[in-house]
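All of these numbers come straight from a predicted model, not from anything done at the bench.
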Amino acid sequence: MTPAIEVSGLSREFDRSGQRTTALSDIGFSVAEGEIVALLGENGAGKTTLTKVLATLLLPTAGTARVMGHDVTKEPDRVRRVQSVVFGGDKGFYSRLTARDNLRFFAMLNGADPKRLDATVRSALESVGLTEVAGRRLETFSKGMRQRLHLAVGFSTSPRVMLLDEPTVGLDPIEAARLRSDIAAMRERGISILLTSHYLLDVEELADRVVVLDKGRLIEDMPLADFARRAGFAATITVTGRGEPPTAVSSRTVAATAGQPEAGRWQLTLSVKEWSAGALQEIGALLDGRAVESFDVTPARLEDSFRQLYAGRQS
């Protein structure tokens with residue numbers, strides 16, 4: 001099958017006041033149809049430049065990028081017909097128009113079939129849960145509702161590929177969760193998505209794979225589960241109790257660090273390297289006979305994997 005996105009040997013340089021700056025260097029990866037791939041990296045890693053090249057907003061200096069088999073340099077019009085780009089943010093709409101009128105305008109601007117315009121607008125509004133508020137002016141919308149309308153505009157062209165840049169930035173947890181649900185529903189419809197986000201909860205809940213850039217170079221391309229294991233541990237357990245504290249230990253599966261006893265109470269932090277029967281037996285033996293008051297488990301998160309990756313590169 002033709003990949004939804006295929007990048008090979010892609011480079012992009014900028015000339016600023018006679019100084020050549022390399023934003024992307026020999027990038028290569030692909031996104032399969034119906035797949036969500038997260039594009040990660042620190043600020044300045046090249047994520048926005050890569051997104052703009054795929055969106056046909058920038059020309060590559062070298063290499064190729066294809067969307068549904070169409071070259072972004074040689075066939076930009078065909079790329080735009082099969083792809084939508086959602087940068088989001090507060091701007092980009094007419095605040096005194098209703099959500100429906102904004103969507104109609106941008107759908108027509110993006111080449112929607114005039115004969116099916118009403119059905120297209122209705123379907124796009126339904127896809128992001130804005131049908132009941134479609135008659136309200138944009139000036140009354142929350143930031144999350146505006147973000148969902150951005151998604152609706154992208155969806156109105158019936159794209160096969162979507163580029164999403166920081167879709168949940170600035171949203172409260174409820175709005176962010178709703179937007180993630182909308183994005184997941186788009187994947188169920190077979191839309192391929194390249195997602196750029198600094199909010200790693202978005203990546204945890206949505207992505208199938210992770211591509212990591214660092215200073216314009218691709219340094220990782222792996223399934224989400226493999227990237228999560230880069231943290232080096234499965235979970236952190238914080239145990240508090242009273243009386244005689246346990247002894248700190250370290251083994252192949254569990255590392256324990258004892259806190260300072262205070263007023264007859266103690267705290268123990270356990271780093272579980274991997275979940276197994278042996279790890280559970282070790283934890284049980286360590287706490288056997290102790291008066292445990294609380295036992296809190298915090299699974300390793302992508303933030304831990306991300307920090308571990310960059311810490312390893314800087315050491």
Side-chain angles (χ1 to χ4, degrees), residues 4 36 38-39 47-48 51-52 54-57 67 79-199 201-203 205-207:
I36 296 182
L39 182 63
K47 305 183 301 296
T48 298
T51 301
K52 287 183 176 180
L54 292 171
T56 72
L57 299 176
V67 177
V79 170
R80 293 167 193 151
R81 282 199 290 268
V82 297
Q83 175 178 265
S84 286
V85 185
V86 179
F87 288 109
D90 290 329
K91 299 180 180 179
F93 291 124
Y94 295 95
S95 61
R96 298 185 66 182
L97 294 182
T98 66
R100 183 182 294 105
D101 288 341
N102 269 281
L103 185 51
R104 285 178 62 88
F105 174 76
F106 286 105
M108 289 189 292
L109 201 63
N110 291 331
D113 183 353
K115 296 180 180 178
R116 300 192 67 256
L117 184 60
D118 288 341
T120 296
V121 169
R122 185 166 55 251
S123 176
L125 289 168
E126 289 174 356
S127 72
V128 296
L130 291 178
T131 301
E132 294 184 1
V133 295
R136 283 172 49 182
R137 288 187 176 185
L138 257 291
E139 60 192 3
T140 69
F141 271 32
S142 67
K143 187 167 186 175
M145 293 165 72
R146 287 173 181 252
Q147 288 288 79
R148 284 153 58 191
L149 188 59
H150 277 295
L151 273 187
V153 171
F155 187 67
S156 67
T157 61
S158 301
R160 299 178 65 183
V161 176
M162 291 191 76
L163 307 180
L164 303 182
D165 186 49
E166 301 288 352
T168 64
V169 65
L171 302 188
D172 64 56
I174 295 175
E175 288 280 19
R178 175 56 195 263
L179 200 69
R180 285 192 291 269
S181 177
D182 294 337
I183 294 170
M186 290 179 180
R187 172 175 51 190
E188 295 302 315
R189 295 172 178 171
I191 299 174
S192 307
I193 296 172
L194 183 65
L195 167 70
T196 303
S197 180
H198 284 108
Y199 292 88
L201 181 59
D202 296 347
V203 179
E205 294 194 4
L206 293 170

For R104 and V121, indicate whether the former's side chain and the latter's backbone hold a donor-acceptor pair under 3.5 Å.
no

Parallel, tilted or perpendicular: which fits the ring planes of Y94 and F105, with parallel below 30° and perpendicular above 60°?
perpendicular

What residues, two or more places apart in sequence or in another chain, satisfy side chain to side chain contact (heavy atoms under 4.5 Å, CB included) together with I174?
D172

Surrounding NZ of K143 (heavy atoms of other residues, nucleotides or ligands, distance under 6.0 Å), is the total greater than 12?
yes

E139, CD: over 12 other non-hydrogen atoms inside 6.0 angstrom
yes

Which heavy atom of V128 sits nearest to which heavy atom of R148, and what is that distance?
O-NE, 3.1 Å

Is the number of heavy atoms from other residues, nucleotides or ligands within 6.0 Å of CZ (R187) greater than 12?
yes

Measure the CD1-CE distance between I183 and M162 for me, rounded to the nearest 0.5 Å.
8.0 Å

Between L195, D182, T196, which is the residue that forms a side-chain contact (heavy atoms from CB on, under 4.5 Å) with P167?
L195

Within this structure, what is the CD1-CG distance for the pair I193 and L39, rounded to the nearest 0.5 Å?
14.0 Å

Non-hydrogen side-chain atoms of L138 and L149 separated by less than 4.5 Å:
yes

Any chance you could measure S158, atom OG, to R116, atom CZ, to the nearest 0.5 Å?
7.0 Å

Measuring from E175:CD to R146:CZ, what's the distance to the nearest 0.5 Å?
12.0 Å

Check: H150 ring centroid to F93 ring centroid under 6.0 Å:
yes

Nearest heavy-atom pair of L117 and A107: which atoms, and what distance?
CD1-CB, 4.0 Å

How far apart are the closest heavy atoms of A55 and V85, and which atoms are they?
CB-CG2, 3.6 Å

G111 backbone acceptor or donor facing R81 side chain under 3.5 Å:
no

Heavy-atom check, side chain of F155 versus side chain of S123, under 4.5 Å:
yes

Given side chains that start at C-beta, do those of V153 and L103 come closer than 4.5 Å, heavy atoms only?
yes

Roughly how far, to the nearest 0.5 Å, is CG of N110 from OG of S84?
6.5 Å

Report yes if some heavy atom in the side chain of E166 is under 4.5 Å from a heavy atom in the side chain of F87; otherwise report no.
no

Are L151 and Q147 packed together at the side-chain level, in the sense that at least one heavy-atom pair is separated by less than 4.5 angstrom?
no

Which atom pair, heavy atoms only, marks the closest approach of T131 to E126?
OG1-CG, 3.3 Å

Quick check: closest heavy atoms across G135 and T98, and the distance to 0.1 Å?
O-CG2, 3.2 Å

Where is the tightest heavy-atom contact between L125 and A134, given as atom of each residue plus distance?
CD1-CB, 3.6 Å

With rounding to the nearest 0.5 Å, note down the distance linking CZ in R180 to CG in L206.
7.0 Å

Check ion pair D118-R122 (N to O, under 4.0 angstrom)
no

Side chains of T168 and D202: any donor to acceptor distance under 3.5 Å?
yes

